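Whatever order the structure lists them in is the order used to number ligands and atoms, beginning at 1. Computed from a predicted model, the values in this text were never measured in an experiment. The analysis underlying the following values was restricted to heavy atoms, covering all of them including side chains, and did not include hydrogens, waters or symmetry mates.
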Amino acid sequence: MTWTLLHAQIHRTIRTRRLFERNQRLLVAVSGGQDSLCLIKLLLDLQPKWGWNLGIAHCDHRWREDSQANADHVQNLAQSWNIPFYLETAINPVNSEATARSWRYQALTKIAQNYNYQYIVTGHTASDRAETLLYNLIRGTGADGLQALTWQRPLADNILLMRPLLEITRSQTEEFCQNFNLPIWEDSTNQNLKYARNRIRQELLPYLKENFNPQVESNLAQTAELLQAEVEYLEQAALNLREEAMEGGKNGEMGGNHLNHPLRLNRRVLQKAHLALQRRVMRQVLLEILPNAPNFEHIEKLTALITAPNRSQTDPFPGGAIAMVQDSWIFIKKDKE
Ligand SMILES: Nc1ncnc2c1ncn2[C@@H]1O[C@H](COP(=O)(O)OP(=O)(O)OP(=O)(O)O)[C@@H](O)[C@H]1O
């Protein structure tokens, strides 16, 4: 077997980021495209060093005419490598990108649960990360949306989704597949410019590369990487602040234990904190009480109460909750209280 720089890089990434341990069971999600073929080939080549137990999962969305042929193609590859193959086929053809995605993650989780895999591994790359970051930025997301694809995330109890290729660009996976003659299954829907994702990939990023910075993809991916750690840090700090604000400060100025009263926040505690944390605390609270994710306006409205005059109150939030100031406290009353 030829050992390339990419093999060395992935081996190092897995080790230093502690993505996998030795002898684990890894379920690799293979669509047949260049990224997931590159992923499975790399993991197969590293397998003797790590002692993993590899399996391949494929999801047939029945979206394209050639989807069954695509599934057969991946199955043949699994057979030629002598590793278990698991197929999930949609009962009804899925008809949008978003439904396809959510069905796919459910299907992969089901396979992992049935066959005792703790890890599902996908071929998301730095290029996907850059695209996701741009996509979320354009839609108007806060810093959390700019983390854009993390190295791992829980999919269900005891099942983690892992993305070891996040530092590798799509041109690298393409070159790798060419070097090893891996039979890529081209997805015709990737060409369809009806989808915003494809326009970002095929029009916006090439334009940015050509006219602004040839390294734009890796740079955006790195930005997502930095933001991920920063968001994690801020979320934790906000959680601590929120707990303190619910207690009424270090000395518990109202006396007694107020931890059990989730809908009351002490303004003096919040006033000492930075606006960034004040907003995050309010967002965390709203996430728990609103029927849908809070937007910028909802968060600003609640944050304004931190310094508003006594007896100020908000108009009702979706679902009917109202927040009001009473001396040092902001009370948030749900509809039926
Ligand atoms: N039909 C499929 N069967 C198995 N795995 C798949 C399939 N489609 C995609 N994957 C896995 O997901 C990875 C990302 O694929 P793709 O970029 O097409 O996904 P996406 O639609 O952008 O969704 P998301 O980024 O939310 O996963 C692939 O590298 C592969 O590991």
Side-chain angles (χ1 to χ4, degrees), residues 10 19 26-44 54-75 77-78 83-90 93-112 117 119-136 145 147-153 155 160-170 172-174 176-177 182 184-192 194-202 205 217 221 224:
I10 287 300
L19 298 183
L26 312 182
L27 182 65
V28 188
V30 178
S31 62
Q34 61 178 59
D35 299 338
S36 50
L37 279 193
C38 174
L39 169 71
I40 181 66
K41 166 78 177 146
L42 285 167
L43 293 178
L44 278 166
L54 298 172
I56 290 186
H58 180 82
C59 307
D60 179 354
H61 307 97
R62 294 177 59 212
W63 184 354
R64 287 177 275 122
E65 298 247 309
D66 65 350
S67 77
Q68 161 112 49
N70 185 346
D72 292 344
H73 176 69
V74 177
Q75 176 161 26
L77 286 171
I83 56 177
F85 174 76
Y86 310 94
L87 173 67
E88 275 290 318
T89 305
V94 274
N95 50 12
S96 84
E97 266 198 304
T99 10
R101 177 175 297 137
S102 84
W103 175 79
R104 185 164 70 239
Y105 283 120
Q106 272 171 33
L108 291 170
T109 306
K110 192 168 123 194
I111 299 173
Y117 288 92
Y119 297 98
I120 294 170
V121 195
T122 59
H124 290 98
T125 59
S127 311
D128 291 314
R129 216 176 190 188
E131 285 161 16
T132 309
L133 186 132
L134 281 176
Y135 183 70
N136 290 348
Q147 306 175 77
L149 298 185
T150 49
W151 289 91
Q152 58 181 68
R153 88 174 158 88
L155 278 182
L160 283 175
L161 172 66
M162 310 292 291
R163 298 167 168 138
L165 298 192
L166 282 186
E167 279 165 350
I168 311 245
T169 63
R170 193 168 291 124
Q172 285 176 290
T173 62
E174 187 181 358
F176 183 89
C177 289
L182 299 178
I184 299 171
W185 193 276
E186 299 288 350
D187 178 347
S188 47
T189 54
N190 281 346
Q191 308 307 319
N192 193 335
K194 187 173 95 186
Y195 303 113
R197 264 314 179 94
N198 293 346
R199 292 201 303 277
I200 291 178
R201 178 177 302 178
Q202 295 187 31
L205 272 168
E217 255 180 333

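For ligand 1 and Y105, the ligand atoms under 4.0 Å from any heavy atom of the residue are 24 (P), 26 (O), 27 (O). Which parts of ligand 1 touch A57 is read off a 4.0 Å heavy-atom cut-off, strictly below it: atoms 4 (C). The ligand atoms of ligand 1 that sit less than 4.0 angstrom from a heavy atom of S36 are 29 (O), 30 (C), 31 (O).
Looking at V30 against ligand 1, only its backbone comes within 4.0 Å, counting heavy atoms.
Not a single heavy atom of E97 sits less than 4.0 Å from an atom of ligand 1.
Applying the side-chain hydrogen bond (donor to acceptor under 3.5 Å, both in side chains) criterion to Q34, with sequence neighbours excluded, gives T173. Qualifying side-chain hydrogen bond (donor to acceptor under 3.5 Å, both in side chains) partners for T150, counting only residues two or more places apart in sequence or in other chains: none.
For atom 14 (C) of ligand 1, the closest non-hydrogen atom on the protein side is H124 NE2, 3.2 Å. Among protein heavy atoms, the minimum distance from atom 3 (N) of ligand 1 is reached at C59 N, 3.0 Å. Distance from atom 16 (P) of ligand 1 to its nearest protein heavy atom, with residue and atom name: R104 NH2, 4.4 Å.
A distance of 9.0 Å separates CZ of R163 from CZ of R129, quoted to the nearest 0.5 Å. To the nearest 0.5 angstrom, E97 atom CD is 6.5 Å from N198 atom CG. I40 contributes atom CD1, which lies 9.5 Å from atom CG of L77 (distance to the nearest 0.5 angstrom).
Of the listed options R129, R101, E131, R163, R101 places a heavy atom closest to atom 22 (O) of ligand 1.
Side-chain atoms of R199 come within 3.5 Å of backbone N or O of K194 as a donor-acceptor pair.
By the 3.5 Å distance cut-off applied to N or O atoms, A29 is counted among the residues near ligand 1.
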